[in-house]
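Note sheet for the following structure.
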Amino acid sequence: MSAYKSDFLHTLASRGFIHQVSEPEALDALAKKGAVTGYIGFDCTAASLHVGSLLPIMMLHWMQQTGHKPIALMGGGTTRVGDPSGKDESRRILTDEMINENLKGIRAIFSKFLKFGDGKSDAIMANNADWLNALNYIDFLRDVGKHFSVNRMLAFDSVKMRLDRQQELSFLEFNYMILQAYDFVELHKRTGCILQMGGSDQWGNIINGIDLGRRMMNAQLFALTSPLITTSSGAKMGKTAAGAVWLNADLMSPYNYWQYWRNTEDGDVERFLKLFTVLPLDEIARLAALKGQDINEAKKVLANESTALVHGRAAADEAAGTARKTFEDGTFAESLPTIEIPRAQLDGGYGVLTAAVAAGFVASTGEARRQIKGGGLKVNDETVSDEKMTLTAKNLTPEGVIKLSLGRKRHVLLKPV
């Protein structure tokens with residue numbers, strides 16, 4: 001178990017959230033003595049956050065649960081620039097309208113994990129557009145830019161990686177680390193925030209903020225990073241054949257979200273229960289001890305608990321019930337995800353490859369062909385052997401739908417309208 005004395009750091013460490021901490025003893029002592037304010041930044045590049053953002057959200061959740069004050073910083077300003085960390089190419093530039101629209105979708109997620117308000121440990125939602133959009137460039141260069149060494153900035157991994165591969169790094173992106181450092185100083189001024197958390201790829205950016213706080217305000221600030229999560233097989237967390245695992249129900253149904261967690265690799269179950277559920281550690285230890293076929297029970301608990309956090313308990317129970325009917329009882333579950341297709345399309349013959357892409361099983365028809373070659377695609381529980389197969393009204397079940405399946409665990413209903 002961890003050697004930390006504060007509930008906050010002890011909880012994060014024992015659940016596997018900590019990769020690095022700057023001055024751990026000093027931060028631990030402050031967190032034991034009283035409430036600490038800390039933040040994590042989230043850029044607004046899409047209308048929803050995805051599973052990759054769940055780890056930082058859970059860190060803010062546990063921060064609040066242990067009596068401290070979390071800040072979710074929305075990057076309304078920095079999204080206009082783009083973070084080069086871990087990227088091979090420039091981020092596309094979004095308009096202010098697109099950023100504000102994305103912000104609305106993202107805000108809805110946080111209220112499921114954090115309690116916002118004016119209380120001592122109530123969370124704050126901030127937006128760096130409030131101070132970045134109004135900056136005077138000359139003043140900013142004079143007051144903030146003078147504290148940054150270009151030699152040092154060029155040595156950061158995020159910059160070096162792009163330059164070593166001879167990939168272009170725009171001046172706009174080069175400024176990102178200065179803006180992120182300035183966010184930390186600004187939040188310290190406005191809220192007394194002393195801690196910035198983030199993924200391990202953010203370490204250099206956060207250290208910049210600590211250094212800037214010391215130079216501009218003689219403030220003692222802290223960094224805490226989490227490990228970057230990959231699955232046991234080395235795959236990036238939160239990616240499926242069909243793309244990102246979104247947290248908003250209109251981009252990914254609660255059933256498909258439940259299935260994502262149910263399909264966790266055996267070697268990841270214990271770690272994911274600690275990181276992505278709020279179950280007590282002794283209960284997680286009991287589930288992690290299950291062996292053989294029994295590990296599937298632990299996976300169902302993981303799916304139920306993580307889905308309940310994002311979509312609510314009722315949606316999690318319904319997804320679990322649908323899965324049970326479909327897989328264990330072998331019955332036709334009407335609450336499977338349904339995709340509507342124009343009836344005229346069915347009358348003319350709807351290609352099975354196109355249907356697999358529309359169902360979100362695969363990202364391309366080429367990938368669908370590979371699935372058919374491997375015997376992975378089924379129509380109404382019959383294996384598809386011909387990639388030129390077309391779906392017509394003859395394929396409709398008595399319920400008036402076509403059941404499309406990939407493997408044993410992924411199913412959708414195609415419904416003509």
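Because the structure is a prediction, the values reported are computed rather than measured.
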Which atom pair, heavy atoms only, marks the closest approach of [X] to [Y]?
X: Met63; Y: Thr37; result: CE-C, 3.8 Å
X: Ile207; Y: Ala223; result: CD1-CB, 4.3 Å
X: Ile206; Y: Met197; result: CD1-C, 4.1 Å
X: His188; Y: Ala219; result: NE2-CB, 3.5 Å
X: Ala323; Y: Gln259; result: CB-NE2, 3.8 Å
X: Leu353; Y: Ala368; result: CD2-CB, 3.7 Å

Under 3.5 Å donor-acceptor, [X] side chain and [Y] backbone:
X: Lys112; Y: Val310; value: yes
X: Asn128; Y: Gly76; value: yes
X: Asp7; Y: Thr66; value: no
X: Gln64; Y: Ser121; value: yes
X: Lys69; Y: Gly119; value: yes

Who passes side chain to side chain contact (heavy atoms under 4.5 Å, CB included) against [X], sequence neighbours left out?
X: Gln220; answer: Glu23, Ala26, Phe222
X: Ser232; answer: Glu265, Asp268
X: Asn133; answer: Arg80, Ala129
X: Asp28; answer: Tyr4, Lys5, Ser6, Leu9

If you define the side chain from C-beta out and look only at heavy atoms, does anything of [X] sit under 4.5 Å from [Y]?
X: Ile40; Y: Met59; result: yes
X: Pro227; Y: Ser200; result: no
X: Ile229; Y: Arg271; result: yes
X: Ile106; Y: Met74; result: yes
X: Tyr176; Y: Asp43; result: yes
X: Ile402; Y: Tyr350; result: no
X: Ser306; Y: Trp258; result: no
X: Ile57; Y: Leu60; result: no

| query | Given the rule in the side-chain contact (heavy atoms from CB on, under 4.5 Å) test, do Ser405 and Leu377 qualify, once you have shown the distances and angles that lead to the verdict? | reply | CA-CA 6 Å; Ser405 309; Leu377 201 65; over 6 Å; no
Distance from [X] atom [atom1] to [Y] atom [atom2], nearest 0.5 Å?
X: Leu195; Y: Cys193; atom1: CG; atom2: SG; result: 6.5 Å
X: Gln20; Y: Ser226; atom1: CD; atom2: OG; result: 10.5 Å
X: Leu30; Y: Ile194; atom1: CG; atom2: CD1; result: 5.0 Å
X: Tyr182; Y: Met216; atom1: OH; atom2: CE; result: 6.5 Å
X: Leu302; Y: Leu273; atom1: CG; atom2: CG; result: 5.0 Å
X: Ser53; Y: Leu247; atom1: OG; atom2: CG; result: 6.5 Å

Side-chain donor-acceptor pairs under 3.5 Å in residues 279-293, sequence neighbours left out?
residue: Glu283; atom: OE1; partner: Arg286; partner atom: NE; Å: 3.2
residue: Glu283; atom: OE2; partner: Arg286; partner atom: NH2; Å: 3.1
residue: Gln293; atom: OE1; partner: Asn296; partner atom: ND2; Å: 3.2

| Where does the angle between the aromatic ring planes of Phe8 and His68 fall among parallel (under 30°), tilted (30 to 60°) and perpendicular (over 60°)? | tilted
| task | Kindly determine whether Asp183 and Trp131 satisfy side-chain contact (heavy atoms from CB on, under 4.5 Å), including the steps that lead there. | result | CA-CA 8 Å; Asp183 282 346; Trp131 52 85; 2.8 Å; yes
| message | side-chain contact (heavy atoms from CB on, under 4.5 Å) for Phe140 and Asn136? Distances and angles first, verdict last. | response | CA-CA 6 Å; Phe140 184 72; Asn136 177 305; over 6 Å; no
Could you give the side-chain donor-acceptor pairs of residues 356-363 under 3.5 Å, partners two or more places apart or in another chain?
none

Side-chain donor-acceptor contact under 3.5 Å, [X] with [Y]:
X: Asn248; Y: Tyr257; value: no
X: Asn205; Y: Gln202; value: yes
X: Thr225; Y: His19; value: no

| note | Test side chain to side chain donor-acceptor pair (under 3.5 Å), reference Lys299, set Asn304, Thr264, Asn263, Asp266, output is Asp266
| request: Evaluate side-chain contact (heavy atoms from CB on, under 4.5 Å) for Met58 paired with Val278, printing each intermediate quantity in order. | output: CA-CA 9 Å; Met58 292 303 292; Val278 294; 4.0 Å; yes
| query | Are Phe110 and Phe116 close enough that their ring centers fall under 6.0 Å? | reply | no
| field | Output field: ring centroids Phe276/Trp261 closer than 6.0 Å | value | yes
